[in-house]
Amino acid sequence: MSTYTLDTSTSRAHPTPQPMRRLTVPKLRARKGGEPIVALTAYTTRTAQLLDPHCDLLLVGDSLGQVIYGLPSTIPVSLDMMCAHGAAVVRGSWHAVVAVDMPFGSYEASPAQAFESAARVLKETGAAAVKLEGGTVIAETIAFLVARGIPVIGHVGLTPQAVNAFGGYAARGKGNAEAGSILDDARAVADAGCFAIVVEGVVEELAAEVTAAVDCPTIGIGASAKCDGQILVTEDLLGLFERTPRFVKRYDDLAGRIGAAAAAYAADVRARSFPGIEQVYRRDE
Ligand code: KIV
């Protein structure tokens, strides 16, 4: 069903006013070393509508566990959650490639498990690609998916689903041994057929080495400008949370502005100045 069949007179979810041709996975892959890839996370239709004209890639990240659901990490996120939010983002976008994160536990057991989960994601959401975390260990699974027509984005460096193994979210690759193994991971997932690789939380020198070592675009988060593109969690750049990680640049103070709007509304209700004359239905209208 096309999104244009929405009844926009009764729904807030009206379509993006200027429909655009959607980018494709091969076009994104061809951006290696060229125009930087602009990527952001999106979890809902309305946010997707607002971000889509500005982005090449919208990632339905499993960070939605923390951002939307208040979970302590991405570990509890389910495939049902990813499918519901993935479909919402596809409904709100016309231009960007939409990729959906494979949640923890939905792909690690075997290539067959990964195919079943990824196929469900693509069928139920209409997204073009999936992203999964890991390096050499997951390369065989990535090759299995790619050979069966599922475009895959890799994710190396700081991989949040491994938070329990890492013991936190500290930047990685500062020492030679760890940097070497992250470089091996990136080479392995690139050789397995990823069309892009998210490189998260690594020192600048390593980001540059990884970007030079692989033939697909790298998309950095906390990985310097030495990558072929950048991604951030949208709510971080909007300033929705008090804590801002060092690698995030805040472009707004949404937390402050939402708090101020709620305070103004509360004051109006208490003063009985809302609803005012413009917000009231009358018999004679
Ligand atoms: O889950 C997520 O949002 C991500 C990005 C931050 C890369 O994986």
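Counting convention: from 1, in listed order, for ligands and their atoms alike.
Of all heavy-atom pairs spanning Tyr43 and Leu64, the tightest one is CD2-CB, 3.5 Å. The shortest heavy-atom contact between Ala129 and Phe195 is CB-CE2, 3.6 Å. Residue Val90 comes nearest to Arg22 through the heavy atom pair O-NH2, 3.6 Å, listed as atom of the first residue, atom of the second, then distance. Scanning all heavy atoms of the two residues, the minimum distance from Ala42 to Val89 falls at O-CG2, 3.4 Å. Residues Gly173 and Glu178 approach most closely at N-OE1, 2.7 Å, considering heavy atoms. When all heavy atoms of Leu58 and Leu51 are compared, the pair lying nearest together is CD2-CB, 3.9 Å.
Close approach of ligand 1 to His155 (heavy-atom distance below 4.0 Å) involves ligand atoms 8 (O). The distance from ligand 1 to the heavy atoms of Thr41 drops below 4.0 Å at these ligand atoms: 3 (O). Interface of Gly61 with ligand 1, defined as ligand atoms under 4.0 Å from a residue heavy atom, comprises 1 (O), 2 (C), 3 (O). Those atoms of ligand 1 with a heavy atom of Asp62 less than 4.0 angstrom away are 1 (O).
The cationic atom of Arg148 (NZ for Lys, CZ for Arg) lies less than 6.0 Å from the six-membered ring centre of Phe144 and within 45° of the ring axis.
Atom 2 (C) of ligand 1 has as its closest protein heavy atom Ser63 OG, 3.2 Å. Nearest protein heavy-atom neighbour of atom 8 (O) of ligand 1: Lys131 NZ, 2.9 Å.
Residue contacts with ligand 1 for Leu64 are absent, since no atom lies close enough (heavy atoms, distance under 4.0 Å). Contacts between Ile221 and ligand 1, counted as non-hydrogen atom pairs separated by less than 4.0 Å, involve the side chain only. Of the heavy atoms in Leu59, only side-chain atoms (C-beta onward) come closer than 4.0 Å to ligand 1.
Asp52 contributes a side-chain N or O that, together with a main-chain N or O of His95, makes up a donor-acceptor pair within less than 3.5 Å.
For Tyr43, no nitrogen or oxygen atom sits less than 3.5 Å from a nitrogen or oxygen atom of ligand 1, counting backbone and side chain alike. Looking at ligand 1, you won't find any N or O of Glu200 less than 3.5 Å from one of its N or O atoms.
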